[in-house]
Amino acid sequence: CADTGSYLYQIMGSADQGIQSAAWNMLAGKTYAILARVHPESQRPVPDQNSKVKLQLLDVADTVLAQAQSASTDDWETLRLVYSPTVALNGVKLRLLADSANAEFYADTAHVCEVTNLLRWQDFRCDDRGRILEEATVNIETAAFTQKTTRSYHLTGNGRGLLARVDQH
């Protein structure tokens, strides 16, 4: 699980402050899937329910090539980008930034994967018992969810652990 804290960084700062990767090169005509696990914190140092995290892909001149933003606070979220450069790019970097003053967020793992012949992309989130809590179909061009299903399970009584509800979004 990406949000276990194995590679956890705590970032505290103002708007547009955060953490940046080392530079690498991208090949022309290739498609890259970029994923980062983040946890925007709303309670510290000053409560801010609208605190978000931005994932940015930057070129060597720090021009933003692609960007994704978290949707929630106080929960782990996977930010996704899909990018296909038309020319080779040297010195590309990833950046995770706060988007509000007095922000705090956690960043765990970030992955850049070269993909070939990407036909379908699905995303799953499981609990510690291996039960699927969320599954989603992801648009292979924009990395946005096109269909999402959430499941909840009974926590007590005779139905404890059994499926309680399934919602299509």
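- No option in Leu79, Leu65, Leu97 other than Leu97 meets the side-chain contact (heavy atoms from CB on, under 4.5 Å) test with Gln56.
- Both Val82 and Val115 sit in one connected hydrophobic cluster of ILVMFWY residues. Membership requires side-chain heavy atoms under 4.5 Å apart, directly or through other members.
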**OP:** Apply side-chain contact (heavy atoms from CB on, under 4.5 Å) to the pair Leu55 and Val38, showing each step before the final yes or no.
**Re:** CA-CA 9 Å; Leu55 169 64; Val38 298; over 6 Å; no
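- We find the NZ-OG1 distance between Lys30 and Thr116 to be 7.5 Å, quoted to the nearest 0.5 Å.
- In this structure, Tyr106 and Trp76 have tilted ring planes: the angle between them lies in the 30° to 60° band.
- With values rounded to the nearest 0.5 angstrom, Leu94 atom CG is found 11.0 Å from Ile19 atom CD1.
- In this structure, CD on Gln69 lies 7.0 Å from NZ on Lys52, to the nearest 0.5 angstrom.
- In this structure a side-chain-to-backbone donor-acceptor pair under 3.5 Å is present from Thr146 to Thr137.
- Two residues are said to be in side-chain contact when any heavy atoms from C-beta on lie closer than 4.5 Å; Lys54 and Val64 fail this criterion.
- Distance OG1/Thr149 to CD/Glu135: 5.0 Å, rounded to 0.5 Å.
- Counting non-hydrogen atoms of neighbouring residues, nucleotides and ligands closer than 6.0 angstrom, the CD atom of Glu141 reaches no more than 12 such neighbours.
- Each of His39, Glu104, Glu41 was evaluated against Gln10; a single residue qualifies, Glu104, per the side chain to side chain donor-acceptor pair (under 3.5 Å) test.
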Subject >> Verdict with reasoning, Lys148 to Asp123, per salt bridge (Lys or Arg N to Asp or Glu O under 4.0 Å) >> reply: CA-CA 9 Å; Lys148 185 175 178 182; Asp123 187 77; over 6 Å; no
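- In this structure, the side chain of Asn25 engages the main chain of Gly91 through a donor-acceptor pair within 3.5 Å.
- The OH atom of Tyr9 sits 12.5 Å away from the CZ atom of Phe105 when rounded to the nearest 0.5 Å.
- Of the candidates Ile132, Thr150, Leu133, Thr78, Arg125 forms a side-chain contact (heavy atoms from CB on, under 4.5 Å) with just one, namely Leu133.
- Trp24 and Leu89 fall within the same hydrophobic cluster, defined by Ile, Leu, Val, Met, Phe, Trp and Tyr side-chain heavy atoms under 4.5 Å apart, directly or through other members.
- Using a 4.0 Å cut-off between charged nitrogen and carboxylate oxygen, Lys93 and Asp62 count as a salt-bridge pair.
- No single ILVMFWY cluster, assembled from side-chain heavy atoms under 4.5 Å apart, contains both Leu58 and Met26.
- The number of heavy atoms from other shown groups lying within 6.0 Å of CG (Leu155) does not exceed 12.
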